[in-house]
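All remarks here apply to the structure that follows.
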2 protein chains.
Amino acid sequence: MALSHAIMTALLEDEMSGYELAKAFDVTLGLFWHASHQQIYKELHKLTDKGWLEKEPVVQQGKPDKIVHRLTGAGREALAEWVWGESRMQEAKDDLWVKLYNLSADNISRLSAEIVQRREEMMGRLYLYEKIRRRHYDDPESLPIRRKGIYLALIAGIRQGENFLQWCDEALEFLARAENTATA
Amino acid sequence: MALSHAIMTALLEDEMSGYELAKAFDVTLGLFWHASHQQIYKELHKLTDKGWLEKEPVVQQGKPDKIVHRLTGAGREALAEWVWGESRMQEAKDDLWVKLYNLSADNISRLSAEIVQRREEMMGRLYLYEKIRRRHYDDPESLPIRRKGIYLALIAGIRQGENFLQWCDEALEFLARAENTATA
DNA sequence: CCGAATTATGCAATAAATTGCATAGCCACA
DNA sequence: TGTGGCTATGCAATTTATTGCATAATTCGG
């Protein structure tokens with residue numbers, strides 16, 4: 001159960017509402033994680049029941065009221081313990097790879113188009129994360145310890161993304177050649 | 001529902017039993033996918049019920065009997081249709097990234113050890129996949145179309161892995177420096 | 001003959017994630 | 001006044017994945 005710990009991690013420094021968490025996820029953890037608001041609200045209830053979070057209603061003007069969530073001492077402890085524990089490497093499990101195993105003369109242009117689409121999506125993400133890196137992580141050696149960890153995760157994501165872009169380019173060229181020889 | 005399509009993909013050329021599928025998954029799709037035998041057997045039943053697979057008991061000598069599964073015409077069609085359809089990019093969702101967001105003086109050596117462990121695991125996988133690449137995909141331009149797709153997936157996985165190894169090395173150095181300055 | 005390893009298949013309970021639906025406050029614009 | 005968009009929270013149903021358990025045939029070494 002890692003989503004719960006991702007949520008607690010996001011709450012380490014700031015208290016947040018479910019809605020804010022959903023957004024924060026896309027921004028700060030977006031290269032690694034996406035969670036729907038439904039999932040987040042459900043998890044927030046569970047964590048509150050366990051005593052790892054506490055909630056507080058906040059009245060807002062100009063917007064509907066919200067409920068902010070804050071890490072408790074027990075939550076902090078549980079999180080630290082989880083960090084210490086074992087974890088397993090996760091596979092990509094992306095449909096794209098399975099689809100490529102089905103490459104044929106029929107679908108080659110379709111799959112090429114899909115790679116183009118993925119490339120564009122990744123470009124957008126990278127643009128965002130590269131901006132974050134330059135703004136807030138430009139001098140990694142002088143960051144406080146926790147930010148150093150975030151930095152490492154960030155560059156892992158950025159490099160993975162750049163690597164993917166490069167693969168897309170080469171794959172598209174390769175597929176174009178394959179398409180030509182097939183129809184020649 | 002991609003596992004079902006991954007299974008059908010594995011059955012494109014060979015008929016296989018659930019047990020064999022579980023193994024084949026680790027070998028041929030291992031960089032992208034892992035599925036437990038329980039999941040695979042369940043999925044095989046579903047696919048057979050849908051008429052996308054047919055099964056046949058096979059008596060073996062020296063081993064317990066098995067039940068092999070074969071793609072039907074309807075299965076082939078459904079698979080081709082799925083390949084044509086939309087798909088979304090999947091995030092990594094690996095605990096390691098979340099853990100790094102929790103880096104502290106307390107856990108820095110623990111997390112370093114975990115990265116060392118990951119590095120080793122990835123080395124093992126890469127060794128296997130690099131061997132496959134050299135043996136069967138050494139001359140990608142002359143492969144038949146379907147094998148070209150597999151080749152692209154394979155090099156995507158290999159590069160991702162190599163990229164990860166490099167990140168591990170740099171991260172470990174960075175963490176070592178951080179640990180020294182923290183205790184200095 | 002016994003135990004361990006390998007081959008082979010499966011059920012049940014739980015957890016996690018997706019999809020669809022529902023509600024409601026507030027703002028801006030026409 | 002109504003419509004659309006953003007903010008905000010949630011339920012319910014279904015699908016997908018994990019974990020633990022259970023069974024059984026066969027081989028091989030001790």
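No experiment lies behind these values; they were computed from the predicted model shown.
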Geometric cation-pi criterion, [X] with [Y]: 6.0 Å, 45°:
X: B:Arg147; Y: B:Tyr137; answer: yes
X: A:Lys148; Y: B:Phe174; answer: yes
X: A:Arg146; Y: B:Tyr101; answer: no

Below 3.5 Å is the cut-off: list the nitrogen or oxygen pairs between protein and nucleotides 11-20 of chain D, distance only.
{"residue": "D:dT16", "atom": "OP1", "partner": "B:Met1", "partner atom": "N", "Å": "3.0"}
{"residue": "D:dA17", "atom": "OP2", "partner": "B:Gln39", "partner atom": "NE2", "Å": "3.0"}
{"residue": "D:dA17", "atom": "O5'", "partner": "B:Gln39", "partner atom": "NE2", "Å": "3.3"}
{"residue": "D:dT18", "atom": "OP2", "partner": "B:Gln39", "partner atom": "OE1", "Å": "3.4"}
{"residue": "D:dT18", "atom": "O4", "partner": "B:Lys42", "partner atom": "NZ", "Å": "3.4"}
{"residue": "D:dT19", "atom": "OP2", "partner": "A:Arg88", "partner atom": "NH1", "Å": "3.3"}
{"residue": "D:dT19", "atom": "OP2", "partner": "A:Arg88", "partner atom": "NH2", "Å": "3.4"}
{"residue": "D:dG20", "atom": "O6", "partner": "B:Gln38", "partner atom": "NE2", "Å": "3.1"}

_Whole-Å distance separating the CG atom of B:Leu44 from the P atom of C:dT9_ = 9 Å
_Just the rounded figure in Å: distance from P of C:dA8 to CZ of B:Phe25._
17 Å
Does a side-chain heavy-atom distance below 4.5 Å link [X] with [Y]?
X: B:Leu143; Y: B:Ile150; value: no
X: B:Gln160; Y: A:Arg159; value: no
X: B:Leu11; Y: B:Met16; value: yes

*Give a yes or no on whether the ring-centroid distance for A:Tyr41 and A:Tyr19 is below 6.0 angstrom.*
no
*May I ask you to check whether over 12 heavy atoms, not counting those of A:Arg88, lie within 6.0 Å of atom CZ?*
no
_With a cut-off of less than 4.0 Å, is there a side-chain N or O of B:Tyr41 near OP1 or OP2 of C:dT9?_
yes
*Which residue pairs satisfy the side chain to side chain donor-acceptor pair (under 3.5 Å) criterion with at least one member in residues 58-71 of chain B, sequence neighbours excluded?*
B:Glu15-B:Arg70, B:Glu20-B:Lys66, B:Glu54-B:Arg70, B:Glu56-B:Arg70
Polar pairs (N or O, both sides) under 3.5 Å between protein and nucleotides 26-29 of chain D?
{"residue": "D:dT26", "atom": "O3'", "partner": "B:Gly62", "partner atom": "O", "Å": "3.1"}

*Residues two or more places apart in sequence or in another chain: which of them pass salt bridge (charged side-chain N to carboxylate O under 4.0 Å, His left out) with A:Glu81?*
none
_Using a 4.0 Å cut-off on heavy atoms, which residues in residues 15-24 of chain A reach DNA chain D? List them by number, or say none._
A:Ser17, A:Gly18, A:Tyr19, A:Lys23
_Parallel, tilted or perpendicular: ring planes of A:His5 versus A:Trp82, cut at 30 and 60 degrees_ = parallel
*For the helix from C:dC1-D:dG30 to C:dA30-D:dT1, what angle lies between the axis at the first five pairs and the axis at the last five pairs, to 10 degrees?*
10°
*Taking every non-hydrogen atom, the tightest pair across A:Leu3 and A:Ala35*: CD1-CB, 3.8 Å
*CA sep, side-chain torsions, deciding dist, call: A:Arg110, B:Glu86, salt bridge (Lys or Arg N to Asp or Glu O under 4.0 Å)*: CA-CA 10 Å; A:Arg110 175 70 187 90; B:Glu86 297 274 313; 3.8 Å; yes
